[in-house]
Structure formats: structure tokens, C-alpha cells
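Structure in C-alpha cells, see below.
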Amino acid sequence: MYEQGYSTTSYTDIAMRSGLGRPLVQRYFPKKEQFILDLIQDVSAICKRLLEEHESIQLPIVIRRLHLTQLYLSVLLCNQRAVSLTCDVLSDRKVTARIIDLHHRSAYAIFPNEDQAFLREASVRSTGGTYELIMDKHLRNESISPDNLAAQTMAAFLAFSQDAPYQDSYKDACANLLPEHVISQMVHALLNELPFTQ
């Protein structure tokens, strides 16, 4: 999928690349979207681990979430192939809906006492807006700053879920982003852990 893209990769391609038979691949992954969802969960888990290794002090959960979003978006946008794959995946609404479900569960971890339906709506608005912005900038061949996008995503989420003023939340998020060289080292380490990016 990394080479060909999500929409054009077939089960036969996956089976050939993995060295497994197509029936076995389909047994464990009855829907192709499951590959992407598993990949996202793997990338998220590696991001969390790398951040835990880096952050020696316990930061507030909103700042940890900002850093996770910053690193996650930096991976999705690390090179042209990753951007193309990201946009290809995001063009499939079924997959996008499942990705937003994953983000909603993570949002509930930040504010466990909030109404789940309310947090889901905030997740859909902030995450969906982020993904639409990625698609829009990609289609117009404009550069995408993962750091700025992470700050915008967190500010939008806080504005929707906590009635926090967007501009203030955005400035706070920008002030709390990890330095670019730290993110770059983590992206490099993460990509080295994913065999298909070699």
C-alpha cells in the first residue's frame, strides 16, 4: 500500500508482498480497511511509546495529546509518498469514519466526565476538519505544516469540547509544541520500526 496506494492495492498484491497466500490474508483481514486501521493503531502506539520515552516529566494530558497529534501528523505527512497514501486513505469515507471513531475514544480519555455524544461531535469536527485541510492542501499542491496543523486541531477540539476561545487555545498549543528536531528524530525512529517503509 505504501508503494501503490490504498485504493489500487489488491489482496493479491498484499499476499505476494507478505509471502502468504491470499486466502490466509483475507481470513485475518476480511476487509482491506482493516490493514489501514491496524497500521494507524500501530503508528499511534509507537508514537505514544516514543513520547513516553522522551518526556521525563508527567505533562498535563492536553499537552501530551498535542504532542501525540504533532508526532502522528508528522508521520502522516513526512514525505510525498506518505502524503499520497494519507490522502488516498482519507478519500474512503468508510475508513475515515473508523479513524474518527479511534480519535473519539482517545478524546474520551482526555475528558472522561464529558458526555460521549458531545465529545464525538467535537472529535468529528476537529479531526474531520484536519483531514479535509490535508486533502485540500494536497490537491492544491500546497505545503502542509504538521506542527501548525496539530496546534489547529487541538485548538479546534478544545473550542468544540470545552468552549475554549480558539485563538487562545491555538497560541497555547503553538507555545507547547515539541521542537522540530525532536519530532524529526522520532519520525525517523518510527519509520525504521515499520518494515514497509524501508
Side-chain angles (χ1 to χ4, degrees), residues 1-2 6 33-90 95-112 119 122-124 126-131 133-135 137-138 143-158 161 169-170 172-198:
M1 283 188 209
Y2 195 64
Y6 173 74
E33 68 192 51
Q34 192 59 47
F35 283 105
I36 292 298
L37 297 172
D38 285 358
L39 173 62
I40 289 167
Q41 289 178 324
D42 289 348
V43 168
S44 293
I46 296 169
C47 285
K48 286 177 189 173
R49 191 194 79 236
L50 290 170
L51 287 167
E52 286 169 2
E53 291 170 1
H54 171 75
E55 296 171 341
S56 57
I57 58 169
Q58 189 67 9
L59 296 170
I61 193 160
V62 171
I63 302 300
R64 290 195 324 260
R65 265 322 198 209
L66 171 66
H67 293 169
L68 181 60
T69 302
Q70 182 186 12
L71 180 54
Y72 174 77
L73 290 172
S74 294
V75 170
L76 295 185
L77 304 171
C78 67
N79 59 43
Q80 191 54 46
R81 188 180 289 174
V83 171
S84 294
L85 177 61
T86 298
C87 290
D88 191 16
V89 167
L90 294 178
V95 176
T96 305
R98 300 269 313 269
I99 292 169
I100 289 174
D101 282 340
L102 294 173
H103 289 296
H104 167 247
R105 281 185 248 140
S106 124
Y108 192 67
I110 299 174
F111 301 112
L119 280 180
S123 295
V124 168
S126 59
T127 306
T130 299
Y131 290 149
L133 190 56
I134 290 171
M135 295 285 289
K137 288 198 174 273
H138 177 68
S143 64
I144 308 167
S145 164
D147 295 350
N148 187 43
L149 200 53
Q152 289 177 11
T153 302
M154 185 55 71
F157 178 73
L158 292 173
S161 67
S169 296
Y170 176 73
D172 288 345
C174 287
N176 283 292
L177 290 168
L178 287 170
E180 188 176 325
H181 74 279
V182 171
I183 289 292
S184 180
Q185 289 170 350
M186 287 187 206
V187 168
H188 182 73
L190 189 147
L191 292 176
N192 283 333
E193 291 189 39
L194 299 174
F196 62 86
T197 60
Q198 307 290 316

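Every value quoted in this text rests on a predicted model; they were computed, and no experiment measured them.
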Legend entry - Side-chain touch L50/Q185, heavy atoms, less than 4.5 angstrom: no
Inset, instruction - List the atom of A155, the atom of Y170, and the distance in Å for their closest heavy-atom pair. - result: CB-N, 3.5 Å
Inset, instruction - Would you check if the side chain of T86 reaches a backbone N or O of A82 as a donor-acceptor pair within less than 3.5 Å? - result: yes
Legend entry - With sequence neighbours excluded, residues passing side chain to side chain donor-acceptor pair (under 3.5 Å) with H188: N192
Legend entry - Pairwise distance CD(Q152) to OG(S145) - rounded to 0.5 angstrom: 8.5 Å
Legend entry - Electrostatic pair R49:E193 at N-O distance under 4.0 angstrom: yes
Legend entry - Nearest-0.5 Å distance, OG of residue S74 to CD1 of residue I144: 11.5 Å
Inset, instruction - Just jot down the side chain to side chain donor-acceptor pair (under 3.5 Å) partners of T153, sequence neighbours excluded, or say none. - result: T130
Enumerate donor-acceptor pairs with a distance under 3.5 Å from any side-chain N or O in residues 35-45 to protein atoms, sequence neighbours excluded.
residue, atom, partner, partner atom, Å
D38, OD1, Q34, NE2, 2.7
S44, OG, I40, O, 3.0

Legend entry - Any residue meeting side-chain contact (heavy atoms from CB on, under 4.5 Å) with A150, in chain and number order, not counting sequence neighbours: L66, T69, Q70, L73, L177
Legend entry - Distance in Å, M154 CE paired with S169 OG, rounded so as to fall on 0.5 Å steps: 9.5 Å
Legend entry - Worked check of side chain to side chain contact (heavy atoms under 4.5 Å, CB included) between L71 and K48: CA-CA 9 Å; L71 180 54; K48 286 177 189 173; over 6 Å; no
Inset, instruction - Tell me, please, which residues at least two apart from T96 pass side-chain contact (heavy atoms from CB on, under 4.5 Å). - result: L90, R93, I100, Y131
Inset, instruction - Calculate, to the nearest 0.5 Å, the distance between atoms NE2 and CD belonging to H67 and E55 respectively. - result: 5.5 Å
Inset, instruction - Could I get the full list of side-chain contact (heavy atoms from CB on, under 4.5 Å) partners for P179, not counting sequence neighbours? - result: H181, V182
Inset, instruction - First locate atom SG of C174, then atom CG of D147, and finally report the distance between them rounded to the nearest 0.5 Å. - result: 8.5 Å
Inset, instruction - Return the set of residues passing salt bridge (Lys or Arg N to Asp or Glu O under 4.0 Å) with R64 (not counting sequence neighbours), or none when no residue passes. - result: none
Legend entry - Contacts of S84 that satisfy side-chain contact (heavy atoms from CB on, under 4.5 Å) - sequence neighbours left out: Q80, H138
Legend entry - Sub-4.5 Å side-chain heavy-atom contact between I99 and V89: yes
Inset, instruction - Find out whether V83 and L76 are in side-chain contact, i.e. whether some heavy atom of one side chain is under 4.5 Å from a heavy atom of the other. - result: no
Legend entry - side chain to side chain donor-acceptor pair (under 3.5 Å) involving D172 - partner list, sequence neighbours excluded: none
Legend entry - Residues which pass ring-ring contact (aromatic ring centres under 6.0 Å, His included) with Y72, listed by chain and number, not counting sequence neighbours: H103
Legend entry - From L68 atom CG to E52 atom CD, the distance as rounded to the nearest 0.5 Å: 9.5 Å
